[in-house]
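Computation of the quantities below employed the complete heavy-atom set of this structure, encompassing side-chain atoms and omitting hydrogens, waters and symmetry-equivalent molecules. Worth saying up front: this structure is predicted, and the values here are computed from it rather than measured. Chain letters run A, B, ... following the sequence lines, proteins first, then strands; residues in each count from 1.
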There are 2 protein chains.
Amino acid sequence: MTDALRSDGAAPTLEDVARAAGVSRATVSRVVNGVRNVDPAIQETVRQAVSVTGYTPNRAARSLVTRRTDAVALVVSGTGVEPAAGGGGQTERPGEGDAAGRGGEGSFTARVFADPFFGRVVTGVVDYLRPRGIHPVLMFAEASWARDDVVSYLRQGSADGALIVSTHAEDPLPALVAEAGLPAVLYARPARPARISYVDLAHRDGARLAAEHLLARGCRRIATISGPLDIPAGADRLAGFQETMARHGHPYIPVAEGGFTQESGEAAMERLLTAHPGLDGVFAGNDLMATGACHVLREHGRRVPEDVAVVGFDDSGAAAACRPPLTTVRQPVEDMAAEMARLLLDRLAEPERPATSVIFEPTLVVRASA
Amino acid sequence: MTDALRSDGAAPTLEDVARAAGVSRATVSRVVNGVRNVDPAIQETVRQAVSVTGYTPNRAARSLVTRRTDAVALVVSGTGVEPAAGGGGQTERPGEGDAAGRGGEGSFTARVFADPFFGRVVTGVVDYLRPRGIHPVLMFAEASWARDDVVSYLRQGSADGALIVSTHAEDPLPALVAEAGLPAVLYARPARPARISYVDLAHRDGARLAAEHLLARGCRRIATISGPLDIPAGADRLAGFQETMARHGHPYIPVAEGGFTQESGEAAMERLLTAHPGLDGVFAGNDLMATGACHVLREHGRRVPEDVAVVGFDDSGAAAACRPPLTTVRQPVEDMAAEMARLLLDRLAEPERPATSVIFEPTLVVRASA
DNA sequence: CTGAAAGCGCTAACAG
DNA sequence: CTGTTAGCGCTTTCAG
């Protein structure tokens, strides 16, 4: 277990082990890689030599010949968490100076992790990849230069493929990656179909669940706080909700658009309450906004769920942390992320495999808020 | 910009570019790497050839000779977020089967990201590393096998060094890495000093700020919800708080230990309230627990801050999201994480540089809760 | 079943 | 300033 047998400080190589074991590099390579057809006795000798020398295979050297890195890029792409600034994220690349790139509250990465959603994606991906010896490299692609980084990173062979969380419809990354023929899987259906696998949630079905629950509960003056409408998840949840409500005789539903943040949920709830003081039910596009709605409702003297019932979406940690705990539509993010990883690994093992998509069904989780 | 000039599907190599430009590989390498001493005219020719062939340097090949990967491991180590199970995280490595390692609510990775703290660390690290072309590889080291993975990952030269978030005092990883002589920087001072750099917060000073604020506000029946006492950050905050209170004539302070989660904060607050119904001030070891405390206080009819003042710690997103918004002690996590990254890069540039530590000073952020 | 030999694609002396 | 020449450490035919 020691790094002995080498005068210089350099790490021991196959050559060193071979010499120590009195065999050839090829043989050592075979036993290290568990290739069969090696005499058990020699196998043992080699193992000893490996442990005596403290040998560890050099990954760069191995990658060079196998053309595999056992790493995948986990990229968070234009997420719609971006501020409603003009342009389209085509900002300049930040300087390389000392003060540059220091993450204030406003940096893209900071905003990304402010939403529990991404932590769940990471969890699902990592838990699937880890037992398989694959390592995730974290990347963010909020601007043109960052997208180029992702593409060249993959083209350099620094990672075997990419897992892309791309919630924003206008995100150009999926197309870029697909055109370049790079192995990738998306979280969320791409705006324009491409030869690329993805996982997604049946958002409309989830919204239907929420609508039916509110209705079954006896709510009759229902409003909704939608997510950003330029994000498919936001738009689909709204559409599904309106659709179901219409089918049940409520063709018009007041809607206030939010930005998937608690703060925006609070603001939206304020607007809704001002315009419709008598409402008795609210469906929010995600749990963060639902939490904000609860706060505002209480501040205005409304009891939840007695006076106003509230249903969220996602079943993130925020749902259970809310007071009262939120009734919400569960999006199995961890499972979806794991599936995304599985699809990528399948594709890597079998490059010709056609692109596929897996759509998950949401479920209603009833807690105290509705 | 096209991948032309190569009959087979293989990626173009330096050789291809050299041929296209009518120069040697060495020259192409020079211009690609921006080495001076290359005739401007030839430089231009080469650049053209690069773009015509669609050349991208192969990272494995480059790493093999430079012995650099431009990647660092970002590892979350035994964090004390672990359940209070016996043993010491020496559990078996999970199977490699299909069902194994699928991240339920209970997996280590899931628990890690349930705390906003880690997202902030990632933010700080990524924002510092990105402009410098370094990529973070996410790793978790909650058990013995996982720690070995980290060590061998580094020894394989898969990453140039490690950024280790190790909050738990008993965590063996810092020592393992230090002994192996691998470049690394810690977030939080190691239990036993080692030749390894770290960043940390002056926890006691932060607790002092909280105590003084509560006192200045007029609170006289003060209690505290501490973090896990086997985590230095938890113990130090408690010690600092008690110390300051004692100095101000309050030698005895009721304390309930929590686990840095909202839920544990709720339970602790219940206990405190039962034993000391008349309390008028609470200092919680972090914002999550403070949020839980606020919930329980309200449920018990106490107004915050009128009846009971609450001070949190960290100034994480939870502080602003809480109703009322939390007065809290700010830990500049993003800055600390960036500094951690800076220390590592310095060390990589100058291997002989001695280990250093940087201690950050907390500040009080006054909001509505106290 | 084992060894010899040929590279993978790139950088870095060292000559010229 | 540019080209030639060695490898970096490993896997993988191909012989034996």
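For the contact set between residues 23-32 of chain B and DNA chain D, defined by any heavy atom under 4.0 Å, the members are B/Val23, B/Ser24, B/Arg25, B/Ala26, B/Thr27, B/Arg30.
As a whole-Å value, the separation of B/Arg59 CZ from C/dT11 P is 12 Å. In this structure, the OH atom of A/Tyr55 is 10 Å from the P atom of D/dG9, given to the nearest Å. Spacing between atom CG of A/Asn37 and atom C1' of D/dG16 amounts to 15 Å, rounded to whole angstrom units. Atom CG in A/Leu14 sits about 14 Å away from atom C1' in C/dG3, given to the nearest Å. Between the CZ atom of B/Arg62 and the C1' atom of D/dG7 there is a distance of 18 Å, given to the nearest Å. Atom CD of A/Glu15 is separated from atom P of D/dG7 by 13 Å (rounded to the nearest Å). If you take CG of A/Asn33 and C1' of D/dT11, they are 8 Å apart, rounded to a whole angstrom. The CG-P distance, from B/Leu64 to D/dC10, rounds to 9 Å in whole Å.
B/Ala61 and A/Leu64 make their closest contact through CB-CD1, 3.5 Å (heavy atoms, listed as atom of the first residue, atom of the second, distance).
Each of A/Ala61 and B/Pro40 was assigned the nucleotide of DNA chain D with the nearest heavy atom; the assignment lying further toward the 5' end belongs to B/Pro40.
A donor and an acceptor atom, one from each side chain of A/Ser107 and B/Asp127, are located under 3.5 Å apart. A/Arg155 and B/Asn58 form no side-chain donor-acceptor contact under 3.5 Å, judged by distance and modelled atom types alone.
Residues forming a salt bridge (charged side-chain N to carboxylate O under 4.0 Å, His left out) with A/Arg67 (at least two apart in sequence, or on another chain): none. Scored by the ring-ring contact (aromatic ring centres under 6.0 Å, His included) test, B/Tyr187 finds B/Phe117 as partners (sequence neighbours excluded).
No donor-acceptor distance shorter than 3.5 angstrom exists from the side chain of B/Asp70 to the backbone of B/Ile134, with no hydrogens or angles considered.
Side-chain N/O atoms of B/Asn58 include none lying less than 4.0 angstrom from OP1 or OP2 on C/dC10.
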